[in-house]
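Notes follow the structure.
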Amino acid sequence: MDYNLATREGRWKHFGSVDPVKGTKPTEKALMTDLQSSKKDFLFEIDHVGIKNLTYPVRLGDFQTAGTFSLSTHLAQDEKGINMSRILESVEAHYDQGLPLDFDTLKKVLITLQTTMRQQNATVDASAVWFFDRFSPVTNLKAVGHADVTFSMTVADEKVTAQAITIQADVTTLCPCSKEISEYSAHNQRGVVTVTAELTAALPDDFKEQLLDAMEANASSMLYPILKRTDEKAVTERAYENPRFVEDLLRLIAADLVDLPFVTGFEIECRNEESIHQHDAFARLRYTK
Ligand SMILES: Nc1nc2c(ncn2[C@@H]2O[C@H](COP(=O)(O)OP(=O)(O)OP(=O)(O)O)[C@@H](O)[C@H]2O)c(=O)[nH]1
């Protein structure tokens, strides 16, 4: 059969598209079976059911960036499934040129989600790149640094039952052993620090900054986007003056976190991408106050 190749429809049919069949199933929502809402004994309740790897715009500090979300609810034993479309509807209900990535907004999203799903609890993990201004140490030149953050929260009966933040940041560590045994120099490496901090309900405005400071200030040196020669000299000498094993860095961060009143417990991992090996060195600890 010849089709009118001057039209899209004609071209589609020319390439094999066919007309839809005349079906027997309803096309109106009210007449469609709501399978997920069917009730009987489905053997188990489910702790978490929802969506993950949702990419959605978020606002974090002065920046709009891409967030990655996992959102879920509980599901009772006598319910077949959740109404998944309501998860995105709950996010959209609090969206304003990006979803503000903070615990107040996430709590509102979870309460909306829990209410519309009529479930006992709801949980979110929301990750994004956290951009912030970073000034070079001597010349004070501004540029933008970054760390990875994940906000985690659970609500039950409209109350927050758990809230935590994970921050991953890069630092410099200079090897104390290398400094001790060598006539000159010492090898150093990129350290990757990951802190998950369980948090009290009330938080200071700068809680993320205080956590990041604990992670960076205890390293041999923090990282800067712009370094002029005077800055580079300062950073190099600071690292030499503050050598750190991976264990040292872990313990010094832990000591700072113990002192932060809004942190109730934490897990820290420090991983050094070794410059004299092909493997990494790491240390990890968990602590509950
Ligand atoms: N429960 C469940 N839903 C799924 C699954 N996979 C996909 N879905 C989605 O669920 C969508 C339907 O969403 P619902 O929220 O139940 O739709 P609805 O019943 O019209 O929505 P309401 O009017 O809010 O009740 C489908 O389009 C699917 O994309 C799954 O494994 N389980």
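What you see is a predicted model; the values in this text were computed from it and never measured.
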Can you give me the closest heavy-atom contact between Ala281 and Val246, atom names plus distance?
O-CG2, 4.1 Å
For the pair Arg251 and Glu247, evaluate salt bridge (Lys or Arg N to Asp or Glu O under 4.0 Å) and give the outcome as yes or no after the intermediate values.
CA-CA 6 Å; Arg251 288 173 167 142; Glu247 299 94 323; over 6 Å; no
What's the spacing between Leu199 CG and Lys208 NZ if we round to 0.5 Å?
11.0 Å
Among Asp47, Thr123, Ile46, Ile87, side-chain contact (heavy atoms from CB on, under 4.5 Å) partner for Ser72:
Thr123
Salt-bridge test for Lys228 and Glu232: reply yes if a basic N is under 4.0 Å from a carboxylate O, no otherwise.
no
Does the side chain of Leu285 come within less than 4.5 Å of Leu250's, by heavy atoms?
yes
Using side-chain contact (heavy atoms from CB on, under 4.5 Å), reason through Thr33 and Lys25 one step at a time and then give a plain yes or no.
CA-CA 10 Å; Thr33 307; Lys25 296 203 175 184; over 6 Å; no
If hydrophobic clusters are built from ILVMFWY residues whose side chains come within less than 4.5 Å, do Met117 and Leu88 share one?
yes
Report the residue from Cys175, Ser221, Ser220 that forms a side-chain contact (heavy atoms from CB on, under 4.5 Å) with Arg244.
Ser220
Here the pair of heavy atoms bringing Val258 nearest to Lys289 is O-NZ, 3.0 Å
What do the steps show when you test Ile253 against Cys270 for side-chain contact (heavy atoms from CB on, under 4.5 Å), and what is the final call?
CA-CA 10 Å; Ile253 295 170; Cys270 297; 4.1 Å; yes
Please examine the side chains of Leu31 and Glu28, heavy atoms only from C-beta on, and report whether any two atoms are closer than 4.5 Å.
yes
So which atom in Leu106 and which in Phe69 form the shortest heavy-atom distance, rounded to 0.1 Å?
CD2-CE2, 4.3 Å
Are Leu60 and Asp102 side-chain neighbours, meaning at least one heavy-atom pair lies under 4.5 Å?
no
Would you call Glu79-Arg118 a salt bridge at under 4.0 Å N-O?
no
Heavy-atom side-chain proximity of Asn188 to Tyr240 below 4.5 angstrom
no
Just checking, is any N or O donor in the side chain of Thr68 or Thr55 under 3.5 Å from an acceptor N or O on the other one?
no
Ignoring hydrogens and geometry beyond distance, is a side-chain donor-acceptor pair present between Glu45 and His74 at under 3.5 Å?
yes
Restricting to non-hydrogen atoms, name the atom on Ala164 and the atom on Glu198 that form the minimum distance, rounded to 0.1 Å.
CB-CA, 4.1 Å
Are more than 12 heavy atoms, taken from residues, nucleotides or ligands other than Asp259, located less than 6.0 Å from that residue's CG atom?
yes
Indicate if Met222 and Leu212 have the same hydrophobic cluster label, given that clusters are the connected sets of ILVMFWY residues with side-chain heavy-atom separations under 4.5 angstrom.
no
Take a 6.0 Å sphere around CG of Asp62 and say whether it holds more than 12 heavy atoms from other residues, nucleotides or ligands.
no
Verify the neighbour count for atom CZ of Arg271: are there more than 12 heavy atoms of other residues, nucleotides or ligands below 6.0 Å?
yes
Decide yes or no for Ile226 and Lys142: does some side-chain heavy atom of the first lie under 4.5 Å from some side-chain heavy atom of the second?
no
Beyond-backbone contact of Gln36 with Asn83, side-chain heavy atoms, under 4.5 angstrom:
yes
Would you check if there is a donor-acceptor pair between the side chains of Ser90 and Thr112 at a distance under 3.5 Å?
no
Donor on one side chain, acceptor on other, Gln168 and Thr194, under 3.5 Å:
yes
Side-chain donor or acceptor of Gln114 paired with backbone N/O of Glu158 under 3.5 Å
yes
Establish whether Met153 and Leu203 are linked, either directly or via other cluster members, by ILVMFWY side-chain heavy-atom contacts under 4.5 Å.
yes
Hey, is CG on Asp2 packed in by over 12 heavy atoms from elsewhere, all under 6.0 Å?
no
Ser136 side chain to Val138 main-chain N or O, any donor-acceptor pair under 3.5 Å?
no
Results of salt bridge (Lys or Arg N to Asp or Glu O under 4.0 Å) for Arg59 - residues two or more places apart only
Asp96
Would you name the heavy atoms of Ala214 and Leu257 that are closest together and state the gap between them?
CB-CD2, 4.0 Å
Ser182 and Ser185 side chains, donor-acceptor separation under 3.5 Å
no
When rounded to the nearest 0.5 angstrom, what is the spacing between OG1 in Thr154 and CG in Asn121?
7.0 Å
Heavy-atom closest pair, residues Thr116 and Arg86:
O-NH1, 2.9 Å
Stepwise, does the side-chain contact (heavy atoms from CB on, under 4.5 Å) test hold for Glu209 with Phe132?
CA-CA 10 Å; Glu209 288 77 5; Phe132 43 78; over 6 Å; no
If only atom types and distance count, is the side chain of Arg134 paired as donor or acceptor with the main-chain N or O of Leu223 below 3.5 Å?
yes
Atom OG1 in Thr288, atom CD in Glu267: separation rounded to 0.5 Å?
10.0 Å
Indicate whether the side chain of Thr139 and that of Asp231 have a donor and an acceptor atom separated by less than 3.5 Å.
yes
Pair Thr200, Thr264 - check side-chain contact (heavy atoms from CB on, under 4.5 Å), show working.
CA-CA 7 Å; Thr200 54; Thr264 58; 3.6 Å; yes
Does Phe103 reach the side chain of Phe207, with side-chain heavy atoms less than 4.5 Å apart?
yes
Determine, using ring centers only, whether Tyr95 and Tyr56 are less than 6.0 Å apart.
yes
Test: Asp125 and Lys52 ion pair at under 4.0 Å
no
Could you check if a side-chain atom of Thr196 sits within less than 4.5 angstrom of a side-chain atom of Ile165, using non-hydrogen atoms only?
no
Out of curiosity, does Tyr287 fall in the hydrophobic cluster containing Val193 (side-chain heavy atoms, cut-off under 4.5 Å, transitive links)?
yes
Under a plain distance cut-off of 3.5 Å, with no hydrogens placed, do Gln77 and Asp41 share a side-chain donor-acceptor pair?
yes
Within this structure, what is the CG-NE2 distance for the pair Asn272 and His187, rounded to the nearest 0.5 Å?
9.0 Å
Hey, quick one: are Leu54 and Leu99 part of the same hydrophobic cluster, counting side-chain heavy atoms closer than 4.5 Å, chains of contacts allowed?
yes
Parallel, tilted or perpendicular: which one describes the rings of His277 and His279, with boundaries at 30° and 60°?
parallel
When you look at Thr166 and Thr150, which way does the side-chain hydrogen bond (donor to acceptor under 3.5 Å, both in side chains) test go after all the steps?
CA-CA 5 Å; Thr166 300; Thr150 300; 5.3 Å; no
Drop me the distance from His94's NE2 to Thr105's OG1, to the nearest 0.5 angstrom.
8.5 Å
Just how far is it from atom CG of Leu174 to atom NZ of Lys179, taken to the nearest 0.5 Å?
7.0 Å
Check: Asp248 side chain, Phe245 main-chain N or O, donor-acceptor pair, under 3.5 Å:
yes
Are the charged groups of Glu9 and Arg11 less than 4.0 angstrom apart, N to O?
no
Going by distance alone, is a donor N or O of one side chain under 3.5 Å from an acceptor N or O of the other, for Asn218 and Asp256?
yes
